[in-house]
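Both counts, for ligands and for their atoms, begin at 1 and track the order of listing.
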Amino acid sequence: MSAFRFTTAGESHGPGLVAIVEGLPAGLELDRAALDRDMARRQLGHGRGGRMKIESDTVEIRAGVRHGRTLGSPVAVLVANRDYANWEERMSPWPVDAEIEPVHLPRPGHADLVGMQKYGHEDGRNVLERASARETAARVAAGSIARAFLTAVGASVHSHVIQIGSVSAPEAGEVGPDDFAGVDEDPVRTLDPGASAAMVEEIDRLRKANESLGGSFEVRAYGLVPGLGSHISWEDRLDGRLAQAVTSIQSVKGVSIGEAWDVAGRPGSEAHDEIFWSEERGYHRESNHAGGLEGGMTNGQPLLVRAAIKPISTLTKPLRSVDTETKEPAQALRERTDSTVVPAAAVVAEAMVCLTLAKAYREKFGGDSMEDVHAAIEAYKRRIDWRG
Ligand code: EPS
């Protein structure tokens, strides 16, 4: 049986994006509408640019699924780039007769300059097309398949925006899975209506000033069994794996788990989650400072992951750069762009968390069919007397 893993291929204005997900059990039911719903959720959010009016992303399954169920073979999906119709010559896989204008104006904060140096490209487009966050559409397609697996084993993954630019939502406090029911209807996917209005204003104000905005968001996962990940080896620790998965999202610069930065300043007696046991609930906690992870393993509490994302590095008021051809000072490339992608990035992070958790479940419980998976999880829950 292959280990659970996924990969993506595709350029922003090329023919399309591809994702391959390996290591799923057979018999996992997939819902076409649920996959497309996740694709549409990634396109939401006040502050997106013109490209989102062109794209209307859907998942085309090319392999590994028959009559709505996985076969146990690699699942291959395709997300078409509708915009390719406008880029066919510039992005053709094969040589073209037309003279194609190369990109010589690297954007500070983007992969452009280093990518050109590293790969020996004279045209920055050979870098920026792949570095573009358009690639996250393929991650969300793969993540939505991982989400179907998690749903089948009783877990759910949600997200909400905490901050856009200088506007922060008040601390949400106790938030359960049902509290996310309306979050996609909010224009910035935040849980606080007052903060939402202020965030929209902030985006509009800065967009007029030709600025882009960053922010932060939180992903929460519920219904996880204790013991996903492991304390045994550094690379098995789930906190490190989640941090890698989430910081790999374009423009994400920081990740924290639980009350990380706050806990750093507290005395130990206020930093940890005391352990209780009762006949009715078995082991349980009254707090969740740890964000659901202890010793690199889930502990059965909700998983809380936060991330900070920098403002988009394509600016309509470009920063100073250098023409890589002439080495003369120049303004960075100015392209159509979004003002902010914080709401979308939160959905991408859900996908990365789903993929990381699905992998951890596959490692812990194995199984070639969903029936095997369910039997292994039930046996484990019985052994540890887990009631969650
Ligand atoms: C992106 C630039 C914009 C975004 C794109 C990411 O694309 P374009 O250059 O075509 O206007 O819209 O994001 C997507 C296309 C998407 O689907 O999220 C970038 O440079 O990262």
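No part of Q250 comes within 4.0 Å of ligand 1, judged by heavy-atom distances. Heavy atoms of M52 found under 4.0 angstrom from ligand 1 belong exclusively to the side chain. With a heavy-atom cut-off of 4.0 Å, D338 touches ligand 1 through its side chain alone. At a heavy-atom distance under 4.0 Å, no atom of E55 approaches ligand 1. Heavy atoms of R51 found under 4.0 angstrom from ligand 1 belong exclusively to the side chain.
R90 and E88 are not joined by a salt bridge, as no carboxylate oxygen comes within less than 4.0 angstrom of a charged side-chain nitrogen. Comment: R189 engages E350 in a salt bridge, judged by a side-chain N to carboxylate O separation of less than 4.0 angstrom. Classification of E201 and R205 as a salt-bridged pair fails, no side-chain N sitting under 4.0 Å from a carboxylate O. A salt bridge does not link E235 with R237: none of the charged nitrogens is closer than 4.0 Å to a carboxylate oxygen.
In summary, the side chains of R139 and S248 do present a donor paired with an acceptor at a separation below 3.5 Å, with no hydrogens or angles considered. Side chains of R51 and S12: a donor-acceptor N/O pair is present below 3.5 angstrom, by distance only. Using modelled atom types, one finds no donor on one side chain facing an acceptor on the other under 3.5 Å when comparing R107 with S321.
Of all protein heavy atoms, the one closest to atom 21 (O) of ligand 1 is A133 N, 2.9 Å. Ranking protein heavy atoms by distance to atom 15 (C) of ligand 1, first place goes to R134 CD, 3.2 Å. Annotation: atom 1 (C) of ligand 1 to nearest protein heavy atom, S132 OG, 3.6 Å. When only non-hydrogen protein atoms are considered, atom 20 (O) of ligand 1 lies nearest to H110 NE2, 3.7 Å. The protein non-hydrogen atom at the shortest distance from atom 11 (O) of ligand 1 is R336 NE, 2.7 Å.
Exactly one residue among D338, D83, D57 makes a salt bridge (Lys or Arg N to Asp or Glu O under 4.0 Å) with R134. That residue is D57.
Note on ring orientation: taking the six-membered ring where Trp is involved, the planes of H158 and F180 are parallel (angle under 30°, cut-offs 30° and 60°). By the 30° and 60° cut-offs, the orientation of the rings of Y380 relative to F365 is perpendicular.
In terms of N/O distances under 3.5 Å, ligand 1 is not approached by T136. At under 3.5 Å, not a single nitrogen or oxygen of A131, backbone or side chain, sits near a nitrogen or oxygen of ligand 1. Any N or O atom pair closer than 3.5 Å counts here, and R48 shares at least one such pair with ligand 1. The N/O atoms of R42, backbone and side chain alike, include one that comes under 3.5 Å of an N/O atom in ligand 1.
The contact set between ligand 1 and H13, taken as ligand atoms under 4.0 Å from a residue heavy atom, comprises 8 (P), 9 (O), 10 (O).
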